[in-house]
Amino acid sequence: MEATLNTVNGDPVLRLERRLAHPPAKVWRAVTDPAELAHWFPASVEAEQRPGAAMRFSFPGEDDVTHGEVMEVDPPRVYMFRWGHDVLRFELIPDGEGCLLVFTHTLGGGAVGRLGAGRTAAGWDSCLAAMLARLDGRDAPEERDPLGPMEHYVEVFGLAVGTVTRTGDGFELAFAHDMVWRSAEHIWTQVVRQAPGEALESDEPRLLVCALTHDGRPAGTVRWEIVSDPELGVRVERTHTVPGSLASLVPALLAEGQVSQELLFAAVMGEPGRPWPGERYERLVKQYSS
């Protein structure tokens with residue numbers, strides 16, 4: 001079952017459910033015991049099983065440690081804790097001889113944190129598959145290319161959709177796309193390859209502004225800003241200023257901007273050179289026109 005993304009009390013919340021052919025007591029160990037978590041959870045965990053206990057999360061080969069706190073322990077039913085800005089909650093509901101696992105991940109960071117929901121959902125799909133394999137006594141499934149699942153969730157969750165703001169002399173089209181944890185330098189290389197013509201402003205590897213044309217006509221300026229956040233990841237914010245005389249082109253320019261961001265993401269993640277998706281572009285033009 002695919003992850004869903006909802007807003008609860010103003011916060012973005014991912015929800016994943018799995019029906020497991022294992023009793024709650026067995027699954028409880030899988031989601032609370034650090035020795036069992038080591039087989040599927042994305043980070044190493046140090047924690048005591050009591051509310052208020054401090055938690056430490058670390059990744060292999062990295063020196064940084066993220067801190068958290070145990071928030072609820074109700075064995076073998078509910079385990080909830082804070083991980084940095086995020087809150088994770090595991091609920092086990094008896095279901096015959098097995099149980100239903102309801103896992104929610106409240107993403108901290110507001111709108112910026114929400115941008116990472118695509119990669120986070122894809123990551124939890126893989127992690128929970130590894131947990132199920134561990135419970136079943138099987139080898140964990142081989143890691144697959146993460147790009148496809150991330151792109152799927154970005155599409156389903158509407159994370160790449162652009163917005164329009166009316167300005168005094170035209171329009172501002174804004175896009176933001178999560179780039180996982182790729183370096184600004186690596187992203188900059190792909191931005192420069194995508195950028196049209198001569199730069200009007202450049203601050204490598206953070207900012208690039210270029211004049212833009214559409215069907216050979218001047219169409220304002222486009223600005224790419226690469227923003228690195230040590231806790232929330234790296235994103236590219238694309239802003240396109242459009243003169244009021246081109247109001248009729250706004251849907252097409254929105255579609256062009258979204259497709260460009262999607263192609264940039266694919267290139268950053270290791271698939272440069274994708275052809276322009278003409279059918280998708282036309283479909284987006286219709287969506288932005290409605």
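Only heavy atoms go into these numbers, but all of them, side chains included; no hydrogens, no water, no symmetry mates. Please read all numbers here as calculations on a predicted model, not as lab measurements.
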Trainee: Do V222 and M179 belong to the same hydrophobic cluster, where Ile, Leu, Val, Met, Phe, Trp and Tyr are linked whenever their side-chain heavy atoms lie under 4.5 Å apart, directly or via other members?
Mentor: yes
Trainee: Write down the atom of E36, the atom of W40, and the distance for their closest heavy-atom approach.
Mentor: O-CD1, 3.4 Å
Trainee: Between the side chains of R206 and E204, is the shortest nitrogen-to-carboxylate-oxygen separation below 4.0 Å, so that they form an ion pair?
Mentor: no
Trainee: Side chains of L159 and R114: does their closest heavy-atom pair fall under 4.5 Å?
Mentor: yes
Trainee: Should E72 and F81 count as side-chain neighbours, where that means a heavy-atom distance under 4.5 Å?
Mentor: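 Not in contact.
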Trainee: Atom CE in M55, atom CZ in F57: separation rounded to 0.5 Å?
Mentor: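 That separation rounds to 3.5 Å.
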Trainee: Can you say whether the rings of F103 and F90 are parallel (under 30°), tilted (30 to 60°) or perpendicular (over 60°)?
Mentor: parallel
Trainee: Indicate the atoms forming the closest heavy-atom contact of A121 with F157, along with that distance.
Mentor: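 Taking every non-hydrogen atom into account, CB-CE1, 4.0 Å.
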Trainee: Give me the atom names and distance for the closest heavy-atom approach of L246 to A219.
Mentor: CD1-CA, 3.6 Å
Trainee: Roughly how far apart are E201 CD and L208 CG, rounded to 0.5 Å?
Mentor: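 E201 CD to L208 CG: 9.0 Å, rounded to 0.5 Å.
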Trainee: Looking at W124 versus F41, is the centre-to-centre ring distance below 6.0 Å?
Mentor: yes
Trainee: How about L207 and R223: do any of their side-chain heavy atoms sit closer than 4.5 Å?
Mentor: yes
Trainee: Tell me whether T167 contacts the main-chain N or O of G170 through its side chain, where contact means a donor paired with an acceptor under 3.5 Å.
Mentor: yes
Trainee: Between E151 and R274 (salt bridge meaning N to carboxylate O under 4.0 Å), is one present in this structure?
Mentor: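 Counted as a salt bridge, because a side-chain N and a carboxylate O are separated by less than 4.0 Å.
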Trainee: Within the structure provided, determine whether H240 and L212 are in side-chain contact (heavy-atom separation under 4.5 Å).
Mentor: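 Heavy-atom side-chain distance check passes, below 4.5 Å.
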Trainee: Which atom names give the shortest non-hydrogen contact between G116 and T120, and what distance separates them?
Mentor: O-OG1, 2.8 Å
Trainee: Answer yes or no: is there a side-chain heavy-atom contact under 4.5 Å between F175 and V236?
Mentor: no
Trainee: If we only count heavy atoms from C-beta on, is the R119 to D178 side-chain gap below 4.5 Å?
Mentor: yes
Trainee: Looking at E17 and R19, does any basic side-chain N land under 4.0 Å from a carboxylate oxygen?
Mentor: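 Looking at E17 and R19, the cut-off is not met.
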Trainee: Keeping the roles fixed (side chain from T241, backbone from T221), state whether a donor-acceptor pair exists under 3.5 Å.
Mentor: yes
Trainee: Distance-only, no hydrogens or angles: does the S183 side chain make a donor-acceptor pair with backbone N or O of H186 under 3.5 Å?
Mentor: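 Confirmed, S183 side chain pairs with H186 backbone.
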Trainee: Can you see which heavy atom on A211 is nearest to which on P196, and at what distance?
Mentor: O-CG, 3.7 Å
Trainee: E237 vs H177, test: side chain to side chain donor-acceptor pair (under 3.5 Å). Steps then yes/no.
Mentor: CA-CA 7 Å; E237 297 180 353; H177 204 300; over 6 Å; no
Trainee: Within the side chain of S202, is there an N or O that forms a donor-acceptor pair under 3.5 Å with the backbone of A199?
Mentor: no
Trainee: In terms of hydrophobic clusters joined by side-chain contacts under 4.5 Å, are L92 and V73 together?
Mentor: yes
Trainee: What are the two closest heavy atoms between R82 and H67, and how far apart are they?
Mentor: NH1-O, 3.7 Å
Trainee: Is there a path of hydrophobic side-chain contacts, each under 4.5 Å between heavy atoms of I, L, V, M, F, W or Y residues, that connects V154 with L115?
Mentor: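 No, separate clusters.
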Trainee: To the nearest 0.5 Å, what is the distance between CG on L14 and CG on L16?
Mentor: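 So the gap between those two atoms works out to 6.5 Å.
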Trainee: In terms of hydrophobic clusters joined by side-chain contacts under 4.5 Å, are L254 and W224 together?
Mentor: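 L254 and W224: separate clusters.
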Trainee: Side chains of Q258 and Y281: do they bring a donor and an acceptor to under 3.5 Å?
Mentor: no
Trainee: Determine, using the 4.5 Å side-chain heavy-atom cutoff (strictly less than), whether W28 and V70 are members of one ILVMFWY cluster.
Mentor: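 The answer is yes; both residues are in one hydrophobic cluster.
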Trainee: Nearest 0.5 Å, please: how far is CG in L5 from CZ in R15?
Mentor: 13.0 Å
Trainee: In the structure I gave you, are the side-chain heavy atoms of V250 and Y288 within less than 4.5 Å of one another anywhere?
Mentor: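 V250 vs Y288: side chains apart.
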Trainee: CD of E91 to OH of Y79: how many Å apart, nearest 0.5 Å?
Mentor: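 If I round to the nearest 0.5 Å, the distance is 15.5 Å.
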Trainee: Is there a side chain to side chain contact (heavy atoms under 4.5 Å, CB included) between I93 and C99 once you walk through the steps?
Mentor: CA-CA 5 Å; I93 303 171; C99 66; 5.9 Å; no
Trainee: Find the distance between CD (E172) and OG1 (T163) and round it off to the nearest 0.5 Å.
Mentor: 7.5 Å
Trainee: For the pair D86 (side chain) and G108 (backbone), establish whether a donor and an acceptor sit closer than 3.5 Å, ignoring hydrogens and angles.
Mentor: yes
Trainee: Less than 3.5 Å apart, any donor N or O on the side chain of Y153 or D125 sitting next to an acceptor on the other?
Mentor: yes
Trainee: Between R280 and E282 (salt bridge meaning N to carboxylate O under 4.0 Å), is one present in this structure?
Mentor: no
Trainee: Under 3.5 Å, is there a donor-acceptor pair between the side chain of H85 and the main chain of L107?
Mentor: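 No.
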Trainee: Above 12 or not: heavy atoms from other molecules or residues under 6.0 Å from CG of D145?
Mentor: yes
Trainee: Hey, does the side chain of D33 reach the backbone of A35 with a donor-acceptor pair shorter than 3.5 angstrom?
Mentor: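 Present.
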Trainee: Examine distances only and state if a side-chain atom of Q49 and a backbone atom of T32 form a donor-acceptor pair shorter than 3.5 Å.
Mentor: yes
